[in-house]
Amino acid sequence: MNFVEELRWRGLLHDIMPGTEEELAKGMASGYIGFDPTADSLHVGSLLQIFTLIRFQKAGHKPFALVGGATGMVGDPSGKSQERNLLSEDILDKNLKGIQTQLERFLDFNCGLNSAEIVNNYDWFKNYSFLDFIRDAGKHITVNYMMSKDSVKKRLESEVGMSFTEFSYQLIQGYDFYYLWKNKNCVLQMGGSDQWGNIVTGTEFIRRKGGGQAFALTSPLIKKSDGTKFGKSEGGNVWLDAKKTSPYQFYQFWLNASDDDAANYIKIFTFFNQQEIENLIAEHAEAPHQRALQKALAKDITQRVHGDEALETALKTTDFLFGNGSLDFLKSLDDESVLTVFEGITQFTILKAEFEAGYDALTLLADKTSIFPSKGESKKMIVGGGVSINRDKVPNPEKIFISSDLINGKFLVVQKGKKNYFLVVVV
RNA sequence: GGGGGGAUUCCAGAGCGGUCAAAUGGGACGGACUGUAAAUCCGUUACUUCGGUUUCGAAGGUUCGAAUCCUUCUCCCCCCA
């Protein structure tokens with residue numbers, strides 16, 4: 001199965017420029033995907049693009065990951081109804097380093113001819129003067145052409161308008177493609193479907209300025225089966241950085257996928273082949289409550305993103321919290337092991353001296369820790385039966401917790417709802 | 001430049017002198033049911049030392065009492081020139 005066929009059956013092909021498949025069939029080709037430095041970590045949404053590069057490389061082609069040091073300074077208007085705020089250079093720099101480190105985890109940079117490369121478009125833009133750029137690049141693309149792009153059209157129609165800065169974005173990204181085509185023999189740009197317009201500007205640029213031909217393909221936007229945005233969990237983004245989203249939380253994110261979504265995700269976010277996926281789906285259909293699909297998905301992707309050790313900890317934690325792990329299990333562990341099991345769980349520390357006299361539930365949950373933002377909130381949740389401490393429902397907001405309630409003289413396991421755990425450590 | 005409409009608690013959107021911490025819907029969170037799914041049903045959705053306290057674009061004013069009336073300001077939308 002070739003690269004394009006692979007994407008097709010996995011449901012990852014949204015748009016493809018005619019001739020792309022034929023071009024790739026000729027032999028090893030170079031292609032790239034750009035990553036925007038809007039944060040210092042990539043998130044689960046970016047995984048799709050990363051995996052596309054991996055698949056591209058596995059198919060024998062040479063992948064380039066472009067980090068947008070230059071484009072990040074401008075801001076991509078695609079899909080944005082409002083003008084973006086510019087990032088400061090410090091932040092940009094930090095973001096670039098962060099995502100570059102992450103990208104390095106995934107691709108093979110040492111496999112001969114088709115070794116991956118990371119490039120930063122700041123490198124070819126930093127000494128490119130404005131005048132030179134508008135003379136060299138700007139001359140080849142008409143404003144009429146640029147205005148016809150959806151991302152531009154939408155903003156022109158709206159009241160907020162669009163700054164010249166953002167308007168020029170597509171030209172800059174288009175030039176990237178040209179640059180890579182010219183200097184790295186890069187003939188294909190890939191990306192999310194929202195990037196189609198920008199990518200096509202690039203191929204057009206290559207045609208007009210370089211007299212050459214380049215290709216494009218995009219992947220669809222991932223949505224959950226209920227139509228809501230993919231990649232959010234408990235109100236926040238799911239990041240690839242273990243400091244922002246712990247491997248346990250990351251694992252849980254995938255494990256909690258609905259049946260429909262899991263069947264979809266496993267094609268997108270794992271490298272299981274068609275047969276293996278069909279087997280998993282069949283297995284899941286037979287015993288849905290076992291959730292073979294979610295488990296396979298969560299395990300595979302957590303392992304790939306965070307490594308074996310982190311996966312193991314995540315599994316251990318999951319096992320304890322959602323299995324029938326009783327408190328006795330915790331009691332049998334030394335402090336260090338307890339902390340390992342709870343590694344991915346949000347933790348709070350209270351001084352022993354302060355805890356001696358004991359705290360009522362409200363003070364403990366809203367004051368001494370920020371498990372709840374306010375006492376009122378905390379109270380409502382307790383009254384509603386949504387809070388457990390050490391596996392027991394907190395019966396009323398006045399309930400007092402004292403030293404003898406601590407597990408191993410040190411820990412309190414707080415549960416908000418069924419899935420949200422916190423560890424309070426008294427030292 | 002002239003005329004008109006609007007800004008309400010996370011969002012949308014009622015309220016138009018007391019019964020308003022503010023209808024309703026959405027979202028979010030919690031509960032039940034389950035499989036840590038989906039669907040469904042139920043509850044909660046300003047803070048609090050539970051006495052109260054601060055909220056309805058901002059600042060003043062009228063009134064026993066204002067989200068509701070008046071003044072000024074800021075921002076948004078529409079129509080005419």
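Within the cation-pi definition used here (under 6.0 Å to the ring centroid, within 45° of the axis), Lys375(A) does not qualify as a partner of Phe372(A). In this structure, Arg391(A) satisfies the cation-pi test against Phe320(A), with its NZ or CZ atom closer than 6.0 Å to the six-membered ring centre and inside 45 degrees of the ring normal. For the pair Arg55(A) and Phe271(A), the cation-pi test (distance below 6.0 Å, angle within 45°) is passed.
Heavy atoms of Lys418(A) sit under 4.0 angstrom from at least one base atom. Nucleic acid contact class of Gln294(A) (heavy atoms, under 4.0 Å, all strands): base. Heavy atoms of Asn420(A) sit under 4.0 angstrom from primed sugar atoms or phosphate atoms, though from no base atom. At a threshold of 4.0 angstrom between heavy atoms, the contacts of Ser225(A) with the nucleic acid are absent.
By the 6.0 Å contact criterion, CG on Asp328(A) is enclosed, its count of non-hydrogen atoms from other residues, nucleotides or ligands being greater than 12. Residue Glu89(A) qualifies as open at atom CD: its count of foreign heavy atoms under 6.0 Å is 12 or below.
Nucleotides A12(B) and U8(B) place their C1' atoms 11 Å apart, quoted to the nearest Å. Separating the C1' atom of A21(B) from that of U54(B) is a span of 10 Å, rounded to the nearest Å. Rounded to whole Å, the P atom of A66(B) lies 35 Å from the corresponding atom of G2(B). Nucleotides U19(B) and C29(B) place their P atoms 33 Å apart, quoted to the nearest Å. When the C1' atom is compared between U53(B) and U62(B), the two are found 25 Å apart, to the nearest whole Å. Rounded to whole Å, the separation between the C1' atoms of G5(B) and G57(B) comes to 16 Å. Straight-line distance between the C1' atoms of G18(B) and C10(B): roughly 29 Å, to the nearest whole Å. U72(B) sits 39 Å from G25(B) when the P atoms are compared, rounded to a whole Å.
Using a 4.5 Å cut-off on side-chain heavy atoms (C-beta onward), Asp76(A) and Thr71(A) make no contact.
By the ring-ring contact (aromatic ring centres under 6.0 Å, His included) test, His61(A) pairs with Phe56(A), sequence neighbours left out. When the side chain to side chain contact (heavy atoms under 4.5 Å, CB included) test is applied to Ser30(A), the partners found at least two apart in sequence or on another chain are Lys62(A), Phe64(A), Cys186(A). Evaluation of the salt bridge (charged side-chain N to carboxylate O under 4.0 Å, His left out) rule for Asp259(A) yields no partner, not counting sequence neighbours.
Between Lys224(A) and A37(B) there is no side-chain N or O to OP1 or OP2 distance below 4.0 Å. Contact annotation: Lys380(A) does not reach the phosphate of U48(B) (side-chain N/O to OP1 or OP2, under 4.0 Å). The shortest distance between the side-chain N/O atoms of Ser374(A) and the OP1/OP2 oxygens of U48(B) is below 4.0 Å.
When rounded to the nearest whole Å, the span between NZ of Lys232(A) and C1' of A28(B) equals 13 Å. Between Gln415(A) atom CD and G30(B) atom C1' there is a gap of 13 Å when expressed in whole angstrom units. Spacing between atom CG of Asp261(A) and atom P of A38(B) amounts to 9 Å, rounded to whole angstrom units. Distance, Trp254(A) CH2 to A37(B) P: 18 Å, rounded to whole Å. Computed from coordinates, the Gln290(A) CD to G35(B) P distance equals 10 Å when rounded to whole Å. A straight line from CG of Leu255(A) to P of A38(B) spans 12 Å, rounded to a whole angstrom. A38(B) atom C1' lies 16 Å from atom NE2 of His289(A), rounded to whole Å. Atom-to-atom, OH of Tyr265(A) to P of A37(B) comes out at 15 Å; the value is rounded to the nearest Å.
Between Glu377(A) and Thr318(A), the residue anchored closer to the 5' end of RNA chain B is Thr318(A), taking for each the nucleotide with the nearest heavy atom. Summary of the strand contacts: Ser258(A) and Met381(A) both lie near RNA chain B, and taking for each the nucleotide with the nearest heavy atom, the more 5' one is attributed to Met381(A).
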Encoded 5' to 3' (Watson-Crick or G-U under 3.5 Å; [ ] crossing; | other strand), RNA chain B becomes (((((((..(((.....[.....)))((((((.......))))))((....))...(((((..]....)))))))))))).
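For Gln252(A) against U36(B), a side-chain N or O and a base N or O form a donor-acceptor pair under 3.5 Å.
Listed in residue order, the members of residues 355-365 of chain A having a heavy atom less than 4.0 Å from RNA chain B come to none.
With Lys368(A) contributing its side chain and Phe355(A) its backbone, the two residues share no donor-acceptor pair below 3.5 Å.
Of the candidates G35(B), U36(B), C50(B), G35(B) carries the atom nearest the His284(A) side chain, counting heavy atoms from C-beta on. Out of A37(B), A32(B), C50(B), the shortest distance to the side chain of Lys393(A) is found at A32(B).
Ring planes of Trp254(A) and Phe250(A): perpendicular class, angle over 60° (limits at 30 and 60°).
Nucleotide G51(B) carries a syn base; the chi torsion (O4'-C1'-N9-C4 or O4'-C1'-N1-C2) is within 90° of 0.
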Contacts under 3.5 angstrom, residues 335-345 of chain A side chains, donor-acceptor by atom type, not counting sequence neighbours:
residue	atom	partner	partner atom	Å
Asp335(A)	OD2	Lys410(A)	NZ	3.1
Ser337(A)	OG	Asp334(A)	OD1	2.8
Thr340(A)	OG1	Glu336(A)	O	2.9

